[in-house]
Amino acid sequence: MSEISKAYEPQSVEDKWYDFWLKQGCFTADPKSTKPPYSIVIPPPNVTGMLHMGHVLNNTIQDILSRKARMDGKEVLWLPGTDHAGIATQVMVEKHLKKEEKKSRHELGREEFLKRVWLWKEKHGDIIINQLKKLGCSCDWTRERFTMDPEYSRCVQKVFVELYKKGLIYRGKRMVNWCPVSQTALSDEEVEMKPQNGFMYHFKVQVAEAPDTWLTIATTRPETIPGDTAVAVNPKDPRYAQLIGKHIVRPLPAELPREQKLIPIIGDEHVDFEFGTGVLKVTPAHDKADFDIGTRHKLPLIEVINADGSMNALAGASLAGLDRFKARKVAVELLAEQGAMIESKPYENNVGFSQRADVPIEPRLSEQWFLKYPAVPQSKACVAEGRMKFHPDRWAKVYDHWLTNIQDWCISRQLWWGHRIPVWSVTDSDEAKAKARFEHWAEQLKSSSESSIRRNGNVVSIATITPGVQHTLEMSGWQQDPDVLDTWFSSWLWPFATMGWPENTETLTKFYPTTDLVTGPDIIFFWVARMIMAGYEFMGDVKFALPDAMPFQNVYFTGIIRDKQGRKMSKTLGNSPDPLVLIAQYGADALRFGTMRSAPLGQDVLFDEKDVELGRNFCNKLWNACRFRQMQGGEVQGEIERTLLTPDDKWILLKLDSAIREVTVALNEYKFSEATAALYKFFWSEYCDWYVEACKAVFFGTDATQKANTLAVIDFVLSHTIRLFHPFLPFITEELWHGMGFATDMPNNQGGKTIMNAPWPLPFDDDFKGHYGLDDCYVEITDTKYELVRNGRDLRRAGNIQAAKKVKYVFKPAQHLTPHDAEVIKLLLNAEALEVNADYQPPKGTPTVNTKLGELFLPLEGLIDVAAEKIRLTKEAEKIQAEIVKVEQKLANPNFTTKVPPAVLAEHEQRLAEWKNKLTHTQASLAALG
RNA sequence: GCGCGCUUAGCUCAGUGGUAGAGCAUUACCUUCACACGGUAGGGGUCGCAGGUUCGAAACCUGCAGCGCGCACCA
């Protein structure tokens, strides 16, 4: 900082220090360290994603926690990495392929397509990583992981086989949430219910055995009529009960002969006779509830919708080939033509949408892999019993509710990009052959802990992670399951699969369980809950010797970043600012500080670029405050001489002590906006606004010893302040730490190499306070002095004096006033002179203010607008009067005076006295004006 | 339907029983030798509504309204 620029220029500072930290290995965690551990695993962003404001919020918090922990003397591991993001990445590459080569992935073939995805990953995979570096994230990049790394992949396979072996993973034909666009099954969590404006259609059907009887059926999906295999009524419904066992004539497909259109009327309790007409069409192949009814009544299934959402031949000639929504319109027309349509009225209902593709999902019967969640009781208990803490804790209830009503997890996806299911099968011509095959392989694999074999009829399946076995199976005609696993089936292993599991590595020993997890509440089920279950299931092994296998001790849920209008950030709305643009414009520290300042615990954050501007302004203020110190010259001052401390010095030291306490407490409670607010207030409103200004009284003077001591106080305060700011503002604080010389001659653990290793400031202890005479009374004394200054400045306004104009004040002290204090007051008042005169007799019309320290006059005969000043003082007096009445009323109430704690009573009495005193002085001032 | 959150200055938000706060915006004045990304002084709120508890409620309790979110759903 030999040449200090007038404004802080982050661009010239940030890259320099980030490179320095990397080169010095400052972020690298040492599992052999004897320091206590602190660890976080990053929520891995999509490998092909771009940094958005949500990442900024999330990762700034993690960085603050990590940097604070380092300053607390912890061995810190912040483990970074990326997620392969199955659907998102595959769709991205498919689009690119379509655009560049006009080819579909099927035209390319699975193997070739996967090569392209890997190429894409190599090309774009480090974009988001570099963006995190720009933000200043202190991740241990030597340990960066990707969920498709070979070692990670092996963990996923191992976990699959273990759960398969335990019988928790099974394959079955079930109704699943099918996305017709991505053409894959989805888990329940990936379905988003959205209200839709559609129609409720009422159509009539004839009862076959009683041609005069017609039933009216209500439906929102007439296109599925060809798939109906029954109509259901409630057996307790007197209107229809007698019809159970009879049949109706299904109106579609119209071309079928009458006998093929007959479907039974069944009785089922599921039917709500209050709703619709009380008659329910049952489409077991295309509705979850209907499937259950179908199972209960052994109804046949007729599939009429294809995987891509179009209708098939069974839907009838008129519908076949049409998209499901087009088919709905045509079905309505067909019913109308038959005279079966009774009415259609607008109707709002909730429809499940594919979160990824944003199209209505299609309940579809298909063969999928499911997981019965493991370790559910332990996972519930650790949060319920408070061993794992959620911040804010209300999410614990949401978590518990989900675990209580948990359904099996559909883990297979009909995609190519992802972890392929490690199961090989072969189908024999009959069961006997299959049985023989099963027995042969069961014998072969009996000593293998890495394989598991099952037989289902004439199908034999082997789940295995042994490459040799896999190869043999491939060679002898076994087919590997074509599906891949849900991306979250790899993410849920993140806290330990990134640390060398299944080996009991020194990293796991040192850093697992992790300390904090920082993530968004939107993935509490997707990720957080599942990681907890995986932790208990896979880290509970005795070999890890953990008292508790939970993957983290605290979960901090951030808010969701919205725009100024409260809308979610989205690409389509274009309301999502590019953090890198903001960093280029304002600096990474500014973005971090602004974001933290406006992100209270547990609330959504309405992002406004003004916040970043505020961050920049703050950095500039910090910069210039240090610049001021440098301009006073001299080396870093060491020892503070206690006998030379002024009341202002003691005041700022005591304020610093409060700030250290407040910031530390706020951080311990994860209240980042409170921490920044406390820092802001201390540094701007206390240090800069008052202390620095007061110091000028010394610096403009001639006492070199006093000057040196003031510099020592400044250096002490700044060296503490910069450290308090470091977790929030890593770049500028490192620059200033070195530039101000605070790193010079320091051992590494005191910040000699980098402020990252400087100790976090501790509140002052009694010895320290005693030695420097830091009695709380100095806060009060000095506050009073500054109050006097504020009042004195008010007088200028009364005199309508230009800010630049120097005027003379007269002070009539009520007690002894030191020359230093007189000088400070003079300076802060921007006065030409301050005449201290105990016998001063002001001429009539002299504006005055009175404080505990004494009376201050601004003698400006003839220059004052007496009338205006009178109005001002009269208003002032009225205000004070009102306050007095308020307090007097309280004190007149015997209920108050008898029941209130003595301290509160005393406080009220004192307040009354103060107001009365003020009133006296205001009235005197008024009288003095004549 | 069940659950959760929010409602305080024009805006965004702090404030868990004792004198209503911050930042931004706004008004006036000021380029004074750290900083105009700055300084000084000001204006602006019956704390969503109605009850209750209490000597005292923005805060605690009950009810209501509005906004937002999550879960579950009836065709």
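All values reported here derive from a predicted model rather than from experimental measurement. So that the names make sense, note that chain A is the first sequence line, chain B the second, and so on, each numbered from 1.
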Assign A:L280 to base, sugar-phosphate, or nothing according to its heavy-atom contacts below 4.0 angstrom with the strands shown. base

Could you check whether A:K671 gets within reach of a base, just the sugar-phosphate, or nothing at all, counting any heavy atom under 4.0 Å? nothing

For the C1' atoms, the ones on B:A59 and on B:U7, what distance do you get once it is rounded to whole angstrom? 14 Å

Counting the atoms with a prime plus P, OP1 and OP2 as sugar-phosphate, which does A:R616 contact under 4.0 Å by heavy atoms, base, sugar-phosphate, or nothing? base

For A:R790, answer base if it contacts any base atom (sugar-phosphate contacts may also be present), sugar-phosphate if it contacts only those atoms, and nothing otherwise; contact means non-hydrogen atoms under 4.0 Å. sugar-phosphate

In whole Å, I'd like the distance from the CZ atom of A:F557 to the P atom of B:C4. 17 Å

Quickly work out the A:N620 CG to B:A34 C1' distance and round it to whole Å. 10 Å

By the 4.0 Å heavy-atom rule, please label A:V692 as base, sugar-phosphate, or nothing. base

Looking only at atom C1', what distance separates B:G3 and B:G38, rounded to whole Å? 50 Å

How far, in whole Å, is B:C61 from B:G17 if one measures between their C1' atoms? 14 Å

Using a 4.0 Å heavy-atom cut-off, does A:R796 contact any base of the nucleic acid, only the sugar-phosphate backbone, or nothing at all? nothing

Considering every strand shown, what is the Watson-Crick or G-U wobble mate of B:C69 when both distances are under 3.5 Å? B:G3

Any donor-acceptor N or O pair under 3.5 Å, side chains A:Q910, A:W915: no

Hey, is the side chain of A:E693 pairing donor to acceptor with the base of B:A34 inside 3.5 Å? yes

Measure from the ring center of A:F557 to the ring center of A:Y670 and say whether it is less than 6.0 Å. no

Would you say A:K610 reaches B:U12's phosphate, i.e. side-chain N/O to OP1/OP2 under 4.0 Å? no

Any idea how A:Y8 and A:W623 line up, ring-wise: parallel (<30°), tilted (30 to 60°), or perpendicular (>60°)? tilted

Side chain of A:D272 only, please: which of B:G15, B:C74, B:C55 is the nearest? B:C74

Comparing A:S685 and A:T220 on RNA chain B - which has the more 5′ nearest nucleotide: A:S685

Given atom CD of A:E662 and atom C1' of B:A22, what is their separation to the nearest angstrom? 13 Å

Taking the C1' atom in each of B:G44 and B:G23, what is the distance between them to the nearest angstrom? 15 Å

Note: contacts of residues 390-399 of chain A with RNA chain B (heavy atom, under 4.0 Å) are A:R394, A:K397

Taking only N and O in the side chain of A:K886, is any of them less than 4.0 Å away from OP1 or OP2 of B:G56? no

Say we look at B:U31 and B:A36: how far apart would their P atoms be, to the nearest angstrom? 14 Å

Short side-chain N/O contact to B:G38 OP1/OP2 from A:K6, under 4.0 Å: no

Are the side chains of A:K826 and A:E832 in touch, meaning some heavy atoms are under 4.5 Å apart? no

Using the P atom as the reference point in each nucleotide, state the distance between B:G56 and B:G63 in Å, no decimals. 23 Å

Validate the cation-pi geometry between A:K696 and A:F628: distance from NZ or CZ to the six-membered ring centre under 6.0 Å, angle to the ring axis within 45°. yes

Could you walk me through whether A:D228 and A:K281 pass salt bridge (Lys or Arg N to Asp or Glu O under 4.0 Å), step by step? CA-CA 6 Å; A:D228 292 350; A:K281 69 193 260 314; 3.1 Å; yes

Over all strands shown, is A:A677 touching base, sugar-phosphate only, or nothing at heavy-atom distances under 4.0 angstrom? nothing

Just checking A:D689: base, sugar-phosphate only, or nothing, at a heavy-atom cut-off of under 4.0 Å? sugar-phosphate

From CG of A:D611 over to C1' of B:A22, roughly how many Å is that when rounded to an integer? 13 Å

Within the supplied structure, the quantity of interest is the number of heavy atoms (other residues, nucleotides, ligands) at a distance under 6.0 Å from A:E780 CD; does it exceed 12? no

When the C1' atoms of B:C49 and B:A65 are considered, how many whole Å apart are they? 7 Å

Nearest whole angstrom, please: distance from the P of B:G42 to the CZ of A:R793. 10 Å

Please tell me which of the listed nucleotides, B:A34, B:G23, B:A75, lies nearest to the side chain of A:K281? B:A75

Base, sugar-phosphate, or nothing: which does A:Y347 touch, judged by heavy atoms less than 4.0 Å apart? sugar-phosphate

Here the distance between atom P of B:A41 and atom CD of A:E876, to the nearest Å, is 14 Å

Quick check: any donor-acceptor pair below 3.5 Å linking the side-chain of A:K621 to the base of B:C35? yes

Given the P atoms of B:C47 and B:C11, what is the spacing between them in whole Å? 16 Å

Would you indicate what A:D608 reaches in the nucleic acid, counting non-hydrogen atoms under 4.0 angstrom: base, sugar-phosphate, or nothing? nothing

A:E190 (side chain) donor-acceptor with A:S187 (main chain) under 3.5 angstrom: yes

Does the side chain of A:Y373 pick up a donor-acceptor pair with the side chain of A:Q407 at under 3.5 Å? no

Nucleotide B:G38, atom P - distance to CZ of A:F618 in whole Å: 12 Å

First locate atom NZ of A:K6, then atom CD of A:E9, and finally report the distance between them rounded to the nearest 0.5 Å. 12.5 Å

Which is more 5' along RNA chain B, the nucleotide nearest A:H908 or the one nearest A:K696? Just name the residue. A:H908

Over all strands shown, is A:C688 touching base, sugar-phosphate only, or nothing at heavy-atom distances under 4.0 angstrom? base

Short side-chain N/O contact to B:G38 OP1/OP2 from A:N617, under 4.0 Å: yes

Taken to the nearest whole Å, NZ/A:K875 to P/B:G44 is 7 Å

